[in-house]
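Here's the structure we're looking at; comments come further down.
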Amino acid sequence: MPVDPRIDAYIARQADFARPILSHLRDLIHAASPDIDEAVKWGMPFFTYRDRNLCHIAGFKRHVAFGFWHDKVESGEARSEAMGQFGRIESRDDLPNDAEIAVLLKKAVALIDAGDEARRGAKTPRAPLPLHPAFAAALDANPAAAANWADFPPGKVRDYCEWINDARTDATRDRRIAQAVEWIAAGKGRNWKYEKR
């Protein structure tokens with residue numbers, strides 16, 4: 001069983017009630033196939049099969065989460081009050097029995113073997129934020145900024161609108177508008193300093 005010491009450390013850091021649940025789930029997952037590997041993704045233990053995400057476990061203050069990556073692996077009693085298909089797991093009694101978990105793991109492995117891709121939920125587009133009138137006027141007064149603004153993707157537009165709309169005073173908003181127009185004219189997003197170059 002290939003183990004990742006980061007997952008050992010992760011489990012060791014969890015609450016007393018969580019450690020035995022997480023360790024038990026880890027053992028069940030590895031029992032499903034000798035080809036299951038461990039990784040840490042998004043700060044939690046993930047289990048992969050043939051370099052594809054299979055499932056994850058996670059510990060929280062008062063519960064544990066366990067879930068499959070593939071949307072076609074359903075437990076039959078999926079609960080949505082927490083991450084994963086099994087809801088808030090506070091004890092081993094909150095899990096299906098080991099045989100049921102083994103069946104679900106085999107199904108997840110078989111889906112990967114078959115090349116079946118997990119379906120991602122369609123993202124609901126967020127409503128555009130209002131463009132402050134003073135910001136709109138400043139953009140209109142600068143042709144380069146106006147042209148770049150028209151070409152910006154929704155995320156960049158939203159970043160600037162949030163920044164300007166969240167100003168608490170008129171003076172702060174005016175400073176932000178001036179800075180925003182300068183950056184936009186140069187084709188820069190609000191967080192350009194942090195973007196990979």
Side-chain angles (χ1 to χ4, degrees), residues 6 10 13-15 18 39-48 51-75 77-90 94 108 111 116-197:
R6 296 174 300 169
Y10 179 94
R13 288 192 308 268
Q14 302 308 308
V40 175
K41 299 182 181 191
W42 300 284
M44 71 184 95
F46 257 79
F47 299 87
T48 62
D51 296 322
R52 304 253 312 270
N53 289 335
L54 182 74
C55 59
H56 69 273
I57 58 175
F60 299 94
K61 284 183 182 178
R62 294 191 174 89
H63 73 281
V64 165
F66 169 48
F68 291 93
W69 191 251
H70 204 296
D71 56 295
K72 290 183 181 173
V73 182
E74 297 178 13
S75 67
E77 56 177 270
R79 300 181 304 225
S80 62
E81 72 269 14
M83 177 175 66
Q85 286 96 336
F86 302 95
R88 296 174 61 88
I89 302 165
E90 297 173 1
D94 294 330
L111 286 166
D116 197 320
E117 294 288 333
R119 184 182 72 243
R120 298 286 162 247
K123 289 188 176 182
T124 304
R126 298 198 290 184
L129 290 176
L131 186 62
H132 193 279
F135 185 31
L139 287 169
D140 288 342
N142 185 314
N148 287 336
W149 182 256
D151 290 337
F152 273 0
K156 282 189 177 182
V157 169
R158 186 172 198 84
D159 287 344
Y160 274 114
C161 288
E162 283 178 347
W163 187 47
I164 289 164
N165 294 345
D166 289 346
R168 293 186 181 164
T169 66
D170 290 343
T172 300
R173 183 171 30 257
D174 291 344
R175 278 194 307 277
R176 289 182 180 180
I177 288 172
Q179 183 66 76
V181 169
E182 179 185 328
W183 287 343
I184 293 166
K188 297 176 178 177
R190 161 76 180 93
N191 298 304
W192 65 272
K193 295 177 185 177
Y194 309 105
E195 293 172 1
K196 292 181 181 177
R197 295 178 192 167

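Note that the coordinates shown come from a computational prediction; the quantities given were computed from them, not determined experimentally.
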Ring-ring centroid check Trp163 Phe135, cutoff 6.0 Å
no
Aromatic contact between Trp69 and Trp42, with the criterion being ring centroids under 6.0 Å apart: yes or no?
yes
Atom CZ of residue position Arg13 - does it have more than 12 heavy atoms of other residues, nucleotides or ligands inside 6.0 Å?
yes
Greater than 12 external heavy atoms within 6.0 Å of Asp51's CG
no
Rounded at 0.5 Å granularity, tell me how far [atom1] in [X] sits from [atom2] in [Y].
X: His63; Y: Glu90; atom1: NE2; atom2: CD; result: 8.0 Å
X: Gln14; Y: Lys61; atom1: CD; atom2: NZ; result: 12.0 Å
X: Trp149; Y: Lys156; atom1: CH2; atom2: NZ; result: 11.0 Å
X: Ile164; Y: Leu131; atom1: CD1; atom2: CG; result: 8.0 Å

Do [X] and [Y] make a side-chain contact, defined as non-hydrogen atoms from C-beta onward lying under 4.5 Å apart?
X: Arg158; Y: Cys161; value: no
X: Leu54; Y: Phe46; value: no
X: Asp94; Y: Phe86; value: no

Side chain to side chain donor-acceptor pair (under 3.5 Å) against Arg173, all qualifying residues, sequence neighbours excluded:
His132, Asp170
Is there a donor-acceptor pair under 3.5 Å between the side chain of [X] and the backbone N or O of [Y]?
X: Asp159; Y: Arg190; value: no
X: Thr169; Y: Thr172; value: yes
X: His56; Y: Pro45; value: no
X: Asn165; Y: Pro130; value: yes
X: Tyr10; Y: Ala58; value: no

Nearest heavy-atom neighbours spanning [X] and [Y]:
X: Lys41; Y: Thr48; result: NZ-CG2, 4.0 Å
X: Gly187; Y: Asn148; result: N-ND2, 3.3 Å
X: Ala145; Y: Ile184; result: O-CG2, 3.3 Å
X: Ala65; Y: Phe60; result: CB-CE1, 3.9 Å

List the steps, then state whether side chain to side chain contact (heavy atoms under 4.5 Å, CB included) holds for Glu182 with Lys188.
CA-CA 9 Å; Glu182 179 185 328; Lys188 297 176 178 177; over 6 Å; no
